2 protein chains.
Amino acid sequence: MYATMARSKKSPVETASVEPGRDSEAAFLADYDVSKFERPSVAVDVVVMTASGGALKALVYKRAEHPHRGRYALPGGFIRMDESLEQAARRLLRDKAGLSDVFIEQLYTFGDVRRDPRARVLSVSYVALVHAEKLANHAPKDVVVAELVVPFAGETGGPVEGHTASGELLPLAFDHALILGMAVKRLRGKLDYTPVGFQLLPDEFRLRDLQDVHETIRGEPVNKDSFRRRMLASGLIEATGAREADVSNRPAELYRFIKRSAT
Amino acid sequence: MYATMARSKKSPVETASVEPGRDSEAAFLADYDVSKFERPSVAVDVVVMTASGGALKALVYKRAEHPHRGRYALPGGFIRMDESLEQAARRLLRDKAGLSDVFIEQLYTFGDVRRDPRARVLSVSYVALVHAEKLANHAPKDVVVAELVVPFAGETGGPVEGHTASGELLPLAFDHALILGMAVKRLRGKLDYTPVGFQLLPDEFRLRDLQDVHETIRGEPVNKDSFRRRMLASGLIEATGAREADVSNRPAELYRFIKRSAT
DNA sequence: AAAATAGTGTCTATGAGACACTATAGT
DNA sequence: ACTATAGTGTCTCATAGACACTATTTT
């Protein structure tokens with residue numbers, strides 16, 4: 001889009017001294033040889049996160065091929081020449097995790113020279129947030145929903161461990177422990193000023209569920225009273241009028257988010 | 001580092017079922033052919049920002065070559081195979097802007113398929129924050145310190161215009177208006193919870209200077225009383241004991257940041 | 001009735017905004 | 001004395017945390 005705009009004849013931004021030179025630019029482009037410069041490989045890796053049972057979780061799968069065969073890696077793959085980074089992330093999410101229509105956001109680009117033993121490979125990472133049930137229903141069976149053990153408080157950052165539900169440690173491939181750590185850091189940072197729960201809860205939920213999500217992400221308890229007041233005053237959620245059923249205590253009011261963001 | 005760790009024999013993380021297979025992995029790597037997959041070019045572009053005279057500014061330079069000859073671009077260039085992304089950013093900053101020992105941080109990776117007319121080129125962007133004087137002293141003469149005109153409030157995001165000091169619009173190359181917009185958005189976001197002024201002010205400054213920086217970044221005034229109280233209570237700055245001189249009014253106390261972060 | 005969790009009302013401490021006031025330099 | 005900006009003291013309002021209290025379900 002911007003490339004197009006830049007080449008249009010009378011774009012309103014062409015006020016100062018831009019040399020038009022359209023023919024010579026065209027000639028230049030025709031002659032341009034991409035292979036002049038060495039290029040790295042570029043992969044997109046997606047952190048598919050959810051929060052349930054008091055734990056932050058992310059989807060990993062056991063690598064069947066070298067390098068790092070047997071270790072656990074994030075769903076990812078090399079980008080194609082005809083897709084944008086986000087399109088690549090969505091494709092990989094669909095092909096490797098069976099997920100579509102989820103919230104995704106670019107996280108960070110990892111580019112250490114030796115991060116992949118094969119060759120120079122950059123990883124442009126994305127975070128996807130999904131409901132726990134969606135992950136349970138749609139994920140192929142060779143994937144593992146790893147529980148994350150976060151060794152840092154607040155938004156300090158650092159590598160994060162993955163465990164099975166039974167507590168076994170899952171050795172992570174490449175620098176994926178760092179990518180997971182960055183994802184947790186980002187999620188914690190977003191918590192204060194964006195309605196993160198939108199993506200991590202079903203359409204109807206109890207305030208307690210929303211509080212659980214916040215506490216799981218932060219890794220520490222939040223004040224119940226203050227949390228309720230803030231959420232109700234935020235204007236982002238509304239009561240459905242319905243209440244939960246079949247509980248052995250006073251049933252909680254059910255709420256929904258006012259504007260469910262598209263994808 | 002991670003590649004090394006992953007291949008070490010008895011890493012403590014190898015608790016679950018990792019297939020060792022060191023020989024076969026070595027064989028695999030020896031056979032691995034990088035050229036199997038098509039690869040994009042990867043550039044690093046650096047937004048060198050400063051705040052002075054009530055305006056946010058960024059360094060751009062007029063392109064002498066195609067594509068987008070005559071338009072203004074961020075300092076940038078293709079990454080080399082033996083340097084990390086941050087190393088590339090620092091190299092470009094040194095070579096193209098004459099700057100070293102400045103704060104830099106990765107911003108975002110732009111990957112639209114058509115963002116560069118030559119070929120598929122990803123841009124991993126970085127933000128550098130420097131004092132206004134440092135920029136004035138060190139910048140080569142083919143660069144322009146463009147004043148940014150930010151058409152959005154808060155952290156909405158969107159493209160940003162560059163102007164000369166005299167108000168002339170500088171047409172920007174590629175998607176660099178978007179990259180600048182992202183940089184402004186990020187800077188505004190950091191303002192609330194990190195001492196951004198550290199990087200944008202000289203060693204000694206008046207509280208008014210710090211307030212000016214905050215107002216310039218936010219694009220709107222801040223409450224003077226509350227701002228003073230917050231800054232003094234933050235524990236991040238301390239009085240030097242000295243006062244400004246040669247002013248025709250009550251001279252202000254000079255302050256310094258407690259811990260000047262390294263680079 | 002007992003147990004368990006949902007939800008309300010109220011008090012207090014803290015921090016932001018508003019504003020009046022005092023302080024100190026040059027002219 | 002006058003001007004301009006620095007810096008202080010105080011009042012009010014909004015919000016977070018603490019805590020006691022009430023409400024509503026199952027067993």
Side-chain angles (χ1 to χ4, degrees), chain A residues 52-54 153-154 188-189 191-197 201-202 204-257, chain B residues 52-54 153-154 188-189 191-197 201-202 204-257:
Chain A
S52 70
R188 285 183 177 173
L191 203 53
D192 291 329
Y193 59 94
T194 56
V196 165
L201 288 173
E204 301 197 346
F205 55 87
R206 301 168 303 160
L207 283 181
R208 176 76 223 187
D209 297 325
L210 187 55
Q211 186 180 341
D212 284 342
V213 165
H214 278 244
E215 292 183 337
T216 298
I217 293 173
R218 293 184 35 155
E220 58 186 26
V222 306
N223 183 277
K224 171 193 162 191
D225 311 77
S226 165
F227 181 78
R228 289 179 61 87
R229 266 177 308 193
R230 252 190 306 130
M231 289 304 137
L232 292 172
S234 72
L236 293 169
I237 63 177
E238 62 184 4
T240 61
R243 297 171 161 240
E244 64 177 336
D246 300 323
V247 287
S248 70
N249 49 39
R250 175 174 173 176
E253 188 84 32
L254 294 179
Y255 291 83
R256 72 167 75 89
F257 288 105
Chain B
S52 70
R188 285 182 177 173
L191 203 52
D192 291 330
Y193 59 96
T194 56
V196 165
L201 288 173
E204 301 197 346
F205 54 88
R206 301 169 304 161
L207 283 181
R208 176 76 223 190
D209 296 324
L210 188 54
Q211 186 180 343
D212 284 343
V213 165
H214 279 243
E215 292 183 336
T216 298
I217 292 173
R218 293 186 33 157
E220 58 186 27
V222 305
N223 182 278
K224 171 191 162 190
D225 311 78
S226 165
F227 181 78
R228 288 179 62 87
R229 265 178 307 192
R230 251 189 308 130
M231 289 303 136
L232 292 172
S234 72
L236 293 168
I237 63 177
E238 63 183 3
T240 63
R243 297 170 162 240
E244 64 175 338
D246 301 323
V247 286
S248 72
N249 49 40
R250 175 173 173 178
E253 188 85 32
L254 293 180
Y255 291 83
R256 72 168 73 89
F257 288 104

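Numbers restart at 1 for each chain; the letters A, B, ... are given by sequence-line order, proteins then strands. Everything numeric in this text was worked out from a predicted model, so none of it was measured.
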Closest to side chain of [X], choosing from [options]:
{"X": "A:Asn249", "options": "D:dT26, D:dG7, D:dT25", "answer": "D:dT25"}
{"X": "B:Asp225", "options": "C:dA18, C:dT8, C:dT5", "answer": "C:dA18"}
{"X": "B:Arg228", "options": "D:dG7, C:dG17, C:dA6", "answer": "D:dG7"}

#### Entry: pair A:Arg206-A:Leu254: side-chain heavy atoms closer than 4.5 Å
yes
#### Entry: Residue pair B:Asp209 / B:Val213, side-chain heavy-atom distance below 4.5 Å
no
Nucleotide [N], atom [atom2] - distance to [atom1] of [X] in whole Å:
{"X": "A:Asp209", "N": "C:dT5", "atom1": "CG", "atom2": "P", "answer": "14 Å"}
{"X": "A:Glu253", "N": "D:dT25", "atom1": "CD", "atom2": "C1'", "answer": "14 Å"}
{"X": "B:Leu232", "N": "C:dA16", "atom1": "CG", "atom2": "P", "answer": "12 Å"}
{"X": "A:Arg206", "N": "D:dT24", "atom1": "CZ", "atom2": "C1'", "answer": "15 Å"}
{"X": "B:Asn223", "N": "C:dA16", "atom1": "CG", "atom2": "C1'", "answer": "7 Å"}
{"X": "B:Asp246", "N": "D:dA4", "atom1": "CG", "atom2": "P", "answer": "19 Å"}
{"X": "B:Phe227", "N": "D:dG7", "atom1": "CZ", "atom2": "P", "answer": "13 Å"}
{"X": "B:Met231", "N": "C:dA16", "atom1": "CE", "atom2": "C1'", "answer": "13 Å"}

### Query
Considering only heavy atoms and no angle criterion, is a donor-acceptor pair shorter than 3.5 Å present between the side chain of B:Lys224 and the base of C:dG17?
no
Within the pair [X] and [N], is there a side-chain N or O less than 4.0 Å away from OP1 or OP2?
{"X": "A:Ser226", "N": "D:dG17", "value": "yes"}
{"X": "B:Arg243", "N": "D:dA6", "value": "no"}
{"X": "A:Arg230", "N": "D:dA16", "value": "yes"}

### Task
Would you kindly compare A:Arg229 and A:Arg250 by the position of their nearest DNA chain C nucleotide and give the one closer to the 5′ end?
A:Arg250
### Query
Would you call A:Asp225 and A:Arg229 a salt bridge, using N to O less than 4.0 angstrom?
no
### Query
Salt bridge or not for A:Glu215 and A:Arg208, using N-O below 4.0 Å?
yes
### Task
Measure the acute angle between the ring planes of A:His214 and A:Phe227, then classify it against the limits of 30° and 60° as parallel, tilted or perpendicular.
perpendicular
### Message
Here's a test of your reading of the structure: between B:Ser248 and B:Tyr255, which maps to the more 5' nucleotide of DNA chain D?
### Response
B:Ser248
